[in-house]
Amino acid sequence: MTDLFGGAPGAKRPSGHAPHSARQERSVEAPQVQRRPPSRTQPLADRLRPKRLENVRGQDHLLGPEGTLTRMLARGTLSSLILWGGPGCGKTTIARLLAGRAGLFYSQISAVFSGVADLRRAFDEADQKQAATGKGTLLFVDEIHRFNRAQQDGFLPYVERGTVVLVGATTENPSFALNAALLSRCQVLVLNRLDDASLESLLVHAEEEVGRPLPLDLEARASLRAMADGDGRYLLNMVEQLVALDPSQVLTPSDLAAILSRRAILYDRDREEHYNLISALHKSLRGSDPDAALYWFARMLEGGEDPRYIARRLTRFAAEDVGQADPSALPMAVAGWQTYERLGSPEGELALAQVVVHLATAPKSNAVYTAYKAARALARDTGSLMPPSHILNAPTSLMKDIGYGKGYEYDHDSEGGFSGQNYFPDGMPRASLYHPTDRGHEGRIRKLLDMRAAKRASREP
């Protein structure tokens, strides 16, 4: 952690610096960023980049009056940070403006294009600047999750000494993408995707910049915001295409769809979004909400997920969360999986959708799943106990002589097809593992087991 002058908290401030109150009133433009007049080749998103932290849209939980960063700056300290959020939500802009507000030098590298030599150069430059001026450096690392574990460890001594205030940006879950040592030295801040109001505000700002309204009716304007899917940069890139059109022709949503492409849905089949969406599908099924379950099912398909993976998870759900409450659920899940294998996409996906609806509307019970886990634990704890002798087969005379099979009662010959004999090891207390619910088919199972438990108890001495 560093104070707003780049030194350790409580350290003597270098001479020549203005008092804290005066420094707070100065311009907050990021340092060392040469502002050029707008050119025809300069993207609109860069021209509209906020110049003050207060102008950053959609992140009031960080930059509003009671925001995390607002309070941090008011205390006169700036911790190393990990900014976690989707594309186009303001991570780079916030880092640049934080440097300006905190009075730090600003240095930026990208993990996509940088290696060990670039890191060492950035740290050496920060050391030299601190030695010469007493002022620290905010080092912004874009896509920090792309650095490997050893490279991430290289940040640690410089962060600890206060040579740099590290601000890393990532679109990946830091819990998975960054090592624990680096995370323990940084505060993770989650940035929101831009909501509809923030995107509309950005559209208004863009219209002021280009000097005329966009040629859109109200429905097309709403469609444009939806196409951006929370990404402010993508929204402004689409605006640039629209301002090149004839302003006298007002576009409808269908016109807009023919001109522009919708932003690709955020989904990565081997990263966090993959697990987030399958979790959402699983929880929606467990919560008996077919509408939400179908939505998450469709989101995964639209994101490019392999339907076979979804089919496997639906089959697992049928066994784990429906179980004996609806014994037809598991064979139906398998049938849906097999149907998809025979038909392929897109026809086979309808069979999986039918499975989704069936599982969501089926009665639920995890009693078999719970009983199975309890049985595994009991088997580990009891070791190698032998079955009781009366249920052992006796294919040889020796085995008969030592009592194998003696006293066994053939259940089919018993009243109701149930003898009530003990089948646990001799000397081991009877364990109660399966506790059926009263939901669906399992309710009938419960009544039957209660009757059999009573008969079994009547046999006990």
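Model, not experiment: these values are computed from the prediction.
R101 and E54 are joined by a salt bridge, as a carboxylate oxygen and a charged side-chain nitrogen come within less than 4.0 angstrom of each other. Under a 4.0 Å N-O distance rule, the pair R221/E200 qualifies as a salt bridge. Using a 4.0 Å cut-off between charged side-chain N and carboxylate O, R146 and E143 make a salt bridge. Between R286 and D321 a salt bridge is recorded (basic side-chain N to carboxylate O distance below 4.0 Å). Salt bridge D142/K91: absent, no basic N to carboxylate O contact under 4.0 Å. Between R313 and E320 no salt bridge is recorded (no basic side-chain N to carboxylate O distance below 4.0 Å). The pair D450-K447 does not count as a salt bridge, with every side-chain nitrogen at least 4.0 angstrom from each carboxylate oxygen. For the pair R49 and D46, the salt-bridge criterion is met [side-chain N within less than 4.0 Å of a carboxylate O]. The existence of a salt bridge linking D326 and K364 is excluded, since no basic side-chain nitrogen approaches an acidic carboxylate oxygen closer than 4.0 Å.
By the 30° and 60° cut-offs, the orientation of the rings of Y106 relative to F140 is parallel.
Across L285 and A293, no two heavy atoms sit closer than the pair CD2-CB, 3.7 Å. For the pair R233 and A45, the tightest heavy-atom approach, listed with the atom from each and the gap, is CG-CB, 4.1 Å. Between C186 and L166, the closest heavy-atom pair is SG-CD2, 4.2 Å. Across every non-hydrogen atom of D426 and N422, the tightest pair is OD1-ND2, 4.5 Å. Contact detail for A371 and Y434: the closest heavy-atom pair is CB-CA, 3.6 Å. Closest approach of P174 and L183 over heavy atoms only: O-CD1, 3.5 Å.
Contact annotation: the side chain of M332 approaches that of Q354 to within less than 4.5 Å [non-hydrogen atoms, C-beta and beyond]. Contact of the V356 side chain with the P290 side chain is not registered, since no non-hydrogen atoms from C-beta on lie closer than 4.5 Å. Residues R193 and D231 are not in side-chain contact: their nearest non-hydrogen atoms beyond the backbone lie 4.5 Å or more apart. In this structure, the side chains of L97 and L53 come closer than 4.5 Å at one or more pairs of heavy atoms. For the pair S345 and P307, the minimum side-chain heavy-atom distance is below 4.5 Å. You'll find the side chain of Y408 stays beyond 4.5 Å of the side chain of S419, heavy atoms only. Side-chain contact between L359 and L314 is present, with at least one heavy-atom pair separated by less than 4.5 Å. Two residues are said to be in side-chain contact when any heavy atoms from C-beta on lie closer than 4.5 Å; L138 and V164 fail this criterion.
E219 CD: 12 or fewer foreign heavy atoms inside a 6.0 Å radius. Within 6.0 Å of CZ in R376 there are 12 or fewer heavy atoms belonging to other residues, nucleotides or ligands. Counting non-hydrogen atoms of other residues, nucleotides and ligands closer than 6.0 Å to CE of M451 gives a total of 12 or fewer. Within a 6.0 Å sphere centred on CZ of R120, heavy atoms belonging to other residues, nucleotides or ligands number 12 at most. A 6.0 Å sphere centred on OH of Y423 holds more than 12 heavy atoms belonging to other residues, nucleotides or ligands.
The closest donor-acceptor contact from the side chain of H435 to the backbone of S432 lies under 3.5 Å. At distances below 3.5 Å, at least one donor-acceptor pair connects side-chain atoms of T396 with backbone N or O atoms of M399. Not a single donor-acceptor pair under 3.5 Å links the side chain of Q324 to the backbone N or O of V368. With hydrogens and angles ignored, the 3.5 Å screen pairs no side-chain donor or acceptor of S198 with any backbone N or O of L194. Q421 contributes a side-chain N or O that, together with a main-chain N or O of E409, makes up a donor-acceptor pair within less than 3.5 Å. T437 places a side-chain N or O within donor-acceptor distance of the main-chain N or O of R439, the cut-off being under 3.5 Å. Of the possible donor and acceptor atoms, none in the side chain of S79 sits under 3.5 Å from a partner among the backbone N and O of L81. A donor-acceptor pair under 3.5 Å is formed between the side chain of R71 and the backbone N or O of E66. Under a 3.5 Å cut-off, the side chain of H145 and the backbone N or O of F176 do not form any donor-acceptor pair.
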(message) Working note: Q152 + L178, criterion side chain to side chain contact (heavy atoms under 4.5 Å, CB included); need CA distance, chi angles, decisive distance, verdict.
(response) CA-CA 8 Å; Q152 291 177 27; L178 303 180; 3.7 Å; yes

(request) May I have the step-by-step check of side chain to side chain contact (heavy atoms under 4.5 Å, CB included) for D195 and L199, ending in yes or no? (result) CA-CA 6 Å; D195 59 18; L199 292 173; over 6 Å; no

(request) Please test N173 against Y275 for side chain to side chain contact (heavy atoms under 4.5 Å, CB included), starting from the C-alpha separation and ending with a verdict. (result) CA-CA 11 Å; N173 189 327; Y275 298 105; over 6 Å; no

(request) Would you sort out whether S328 and H358 count as a side chain to side chain contact (heavy atoms under 4.5 Å, CB included), showing the intermediate values? (result) CA-CA 10 Å; S328 70; H358 183 94; 3.6 Å; yes

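Interatomic distance, R316 CZ to I278 CD1, rounded to the nearest 0.5 Å: 10.0 Å. The CD atom of Q151 sits 12.0 Å away from the CZ atom of R149 when rounded to the nearest 0.5 Å. Taking OG of S184 as the start and CG of L156 as the end, the distance is 7.5 Å to the nearest 0.5 Å. Rounding to the nearest 0.5 Å places CH2 of W337 at 12.0 Å from CD1 of I310. Rounding to the nearest 0.5 Å gives a distance of 10.0 Å between CG of L69 and CD of Q59.
Annotation: ring pair (Phe, Tyr, Trp, His ring centres under 6.0 Å) contacts of F113 (sequence neighbours excluded): none. Scanning for side chain to side chain donor-acceptor pair (under 3.5 Å) contacts around Y369 gives an empty result, with sequence neighbours left out. Under the side chain to side chain donor-acceptor pair (under 3.5 Å) criterion, T315 pairs with no residue at all, not counting sequence neighbours. Annotation: side chain to side chain contact (heavy atoms under 4.5 Å, CB included) contacts of K455 (sequence neighbours excluded): E415, F418, S458. In this structure, D60 has no side chain to side chain donor-acceptor pair (under 3.5 Å) partners at least two apart in sequence or on a different chain.
One side chain, K283 or S279, offers a donor N or O that lies under 3.5 Å from an acceptor on the other. Neither side chain, R185 nor S80, offers a donor N or O lying under 3.5 Å from an acceptor on the other.
Test L98, L73, V56 against L63 for side chain to side chain contact (heavy atoms under 4.5 Å, CB included) and you get one pass: V56.
Counting only residues at least two apart or in different chains, ring-ring contact (aromatic ring centres under 6.0 Å, His included) contacts with residues 276-307 comprise H282-F317.
Aromatic rings of F123 and F155 (six-membered ring for Trp) have centroids within the 6.0 Å cut-off, being under it.
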